[in-house]
Amino acid sequence: MLDLKYVVANAESVRQNCKNRNVPQDVIDDLDRALALDLERKTLVKQVEEMRRRQNEVAQATGKERDAERRAALVEEGKSLKTAAAHEEEKLRLLDGEIAQRLKRIPNLTHPDAPIGQTEGDSKELRKVGTPRSFDFPVRDHVEIGKALDLIDFETGGKVSGAGFYFLKNDAVLLDLALQQFAVRKLIERGFTPVITPDLARNSILEGIGFTPRGAETQVYSIEEADLSLVGTAEITLGGMLADTVIDEAQLPIRFVGVSHCFRTEAGAAGRASRGLYRVHQFTKVEMFAFTTPESSGAMHSTMLEIEEDLFQALGIPYRVLDICSGDLGGPAYRKFDLEAWMPGRGETGEYGEVTSTSDCTDYQSRRLNIRYRPTGQKGTRFVHTLNGTAVALSRAIIAILENYQRGDGLIDTPDVLKPLIGKDVLGAK
RNA sequence: GGAGGGGUGCCUGAGUGGUUGAAAGGGCCGGUCUCGAAAACCGGUGUACCGCAUCGCGGUACCGAGGGUUCGAAUCCCUCCUCCUCCGCCA
């Protein structure tokens with residue numbers, strides 16, 4: 001969430017930012033309401049603190065008083081002070097809660113260079129890299145390929161777990177594992193600490209990262225009778241690792257590359273349902289996460305984008321880079337870049353489809369998760385900046401590889417960089 | 001799942017109702033001593049929020065989290081989280 005002080009001091013620009021971000025009107029109403037409540041809060045805080053000061057004073061005096069009669073009088077005064085304070089304190093507690101609840105709905109500020117716009121189409125294409133290959137045979141999409149080569153089994157996935165689930169089989173398993181290895185190794189080279197995270201997390205952590213565990217439009221599976229949810233991304237668990245800690249500046253940046261399963265309900269996505277592996281309820285993802293000083297988050301964001309590009313270049317997959325527009329940014333993101341890989345089997349003649357995404361969340365997540373650092377040689381603490389980025393989302397990377405590397409005989413060439421990890425030059429042969 | 005024992009400041013670790021935001025030691029920072037260093041000695045060393053006569057002073061909160069008892073709680077009670085030991089179960 002944003003800093004209340006900042007919001008109060010910059011109400012107009014925060015309101016404009018909400019509009020640029022395409023948030024519903026009731027969020028803007030919440031902003032205005034929070035501003036009004038804050039004025040109330042300020043006077044109430046002073047009252048409550050003054051009452052508590054007086055209570056402390058009386059309590060201390062009582063302790064020191066030896067004379068029984070005077071002592072009894074002080075106890076009486078303490079009692080009445082306590083009664084009087086209780087009401088005001090309750091009021092303050094409610095007010096604090098209400099302000100926080102509204103504040104949480106307000107999205108992060110937006111990077112000045114991010115394109116302003118309301119829909120996906122307003123995002124700015126920064127560059128295209130690689131040339132989609134031309135095929136001299138009818139192109140198949142990954143669903144057909146997966147079925148023909150017995151690599152992906154959606155029918156059985158549906159039977160066992162429901163629509164949106166699938167079994168990976170045979171060489172698809174090797175491909176999945178090889179991609180994980182490939183990505184993790186690359187990231188280790190770049191100074192990231194590898195981590196395999198839990199697939200479940202406390203709801204408080206989900207909320208800190210910016211997810212809404214329960215409610216109508218939640219994207220999250222929650223565990224019955226436990227305060228836990230299945231994670232939609234390792235961003236949740238990686239960011240949560242340092243919740244409620246203070247880090248020495250010398251330790252920064254802290255970089256993790258995490259592997260987790262990701263679970264998404266995809267509620268409300270039915271209308272734009274996508275074929276095959278593109279939109280599924282469960283997949284595996286290798287995720288980057290970094291904690292930095294405010295000064296260096298921009299540079300880290302560029303690094304993450306560069307790593308993502310590096311991975312897809314190494315895999316030999318054409319892609320384009322998008323600078324995501326204000327209206328399409330998630331709440332915590334200050335700026336976001338997406339990589340869209342060329343998927344020859346998508347649409348009529350191939351289309352770009354999102355495969356990775358990297359966000360600079362500035363201090364939006366760290367404020368809620370209470371992750372601070374101690375600047376070298378200074379008193380006090382500041383909130384760190386957090387960034388996340390996909391290294392490889394297995395489901396979608398597999399789409400890109402199967403479709404781009406398909407051959408006329410129906411089999412799949414193994415991308416060169418994966419050959420040593422898979423041990424086969426061709427995938428899908430019986 | 002059962003039984004028991006813990007969670008205190010950067011670390012170790014005192015503290016079972018009244019000037020305790022918290023002893024002591026360590027670490028760290030500054031100083032004295034020294035050609036320099038070590039040792040020794042002296043001093044300092046939390047965070048957030050609020051106010052002000054704003055390089056300092058005052059107030060409020062914080063001893064795992066949240067409630068409760070009390071004039072007053074790190075200290076008593078309840079719930080939860082978490083760690084350790086033993087038993088059971090188990091990949």
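Note that the structure is predicted; figures quoted are calculated from it, not measured. Below, chains carry the letters A, B, ... as their sequence lines are ordered, and counting in each starts from 1.
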Face-on cation placement of A:Arg255 at A:Phe289 ring, 6.0 Å and 45° thresholds: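 The answer is no; the distance or angle limit is not met.
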Assess whether a salt bridge exists between [X] and [Y], defined as any Lys/Arg side-chain N lying under 4.0 Å from an Asp/Glu carboxylate O.
X: A:Glu249; Y: A:Arg382; value: no
X: A:Lys147; Y: A:Asp153; value: no
X: A:Arg335; Y: A:Asp323; value: yes

Donor-acceptor side-chain pairing of A:Asp122 and A:Gln118 below 3.5 angstrom: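 No, because no side-chain N or O of A:Asp122 sits under 3.5 Å from a partner of the opposite role on A:Gln118.
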Looking at A:Ser80, does any N or O in its side chain come under 4.0 Å of the phosphate oxygens OP1/OP2 on B:C71?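 It does not, given that no N or O in the side chain of A:Ser80 lies less than 4.0 Å from OP1 or OP2 of B:C71.
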Any A:Lys5 side-chain nitrogen or oxygen under 4.0 Å from OP1 or OP2 of B:C50: yes
Of all the choices, B:A48, B:C50, B:C71, which nucleotide is nearest to the side chain of A:Thr62 once you look at every atom? B:C71
Consider the side chain of A:Ala59, meaning its heavy atoms from C-beta on, and name the nucleotide among B:G46, B:G18, B:A61 that approaches it most closely.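 Nearest to the side-chain atoms of A:Ala59, counting from C-beta on, is B:G18.
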Figure out the CD1/P separation between A:Ile371 and B:U47, and round it to whole Å.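 Rounding to the nearest Å, CD1 of A:Ile371 and P of B:U47 are 19 Å apart.
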To the nearest Å, how far apart are A:Arg202 CZ and B:A65 C1'?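 That distance rounds to 11 Å.
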For residues A:Tyr334 and A:His301, establish whether the separation of their ring centroids is below 6.0 Å.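 For A:Tyr334 and A:His301, the ring centres are not under 6.0 Å apart.
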Polar atom pairs between nucleotides 57-59 of chain B and protein, under 3.5 Å, N or O only, would you list them?
unit_1: B:G59; atom_1: N2; unit_2: A:Glu49; atom_2: OE1; d: 3.4

Should [N] form a Watson-Crick or G-U wobble pair with both distances under 3.5 Å, which nucleotide is its partner?
N: B:A14; value: none
N: B:U20; value: none
N: B:A40; value: B:U32
N: B:C49; value: B:G59
N: B:G9; value: none

Looking at A:Gln365 and A:Gly210, would you say the former's side chain and the latter's main chain have a donor-acceptor pair under 3.5 Å? no
Got a sec, which pairs hit ring-ring contact (aromatic ring centres under 6.0 Å, His included) with one end in residues 359-385 of chain A, sequence neighbours left out?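 Passing the test, one end in residues 359-385 of chain A: no pairs.
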Contact class for A:Lys82 (heavy atom, under 4.0 Å): base, sugar-phosphate, or nothing? base
Pairwise N/O distances under 3.5 Å, protein to nucleotides 62-64 of chain B:
none

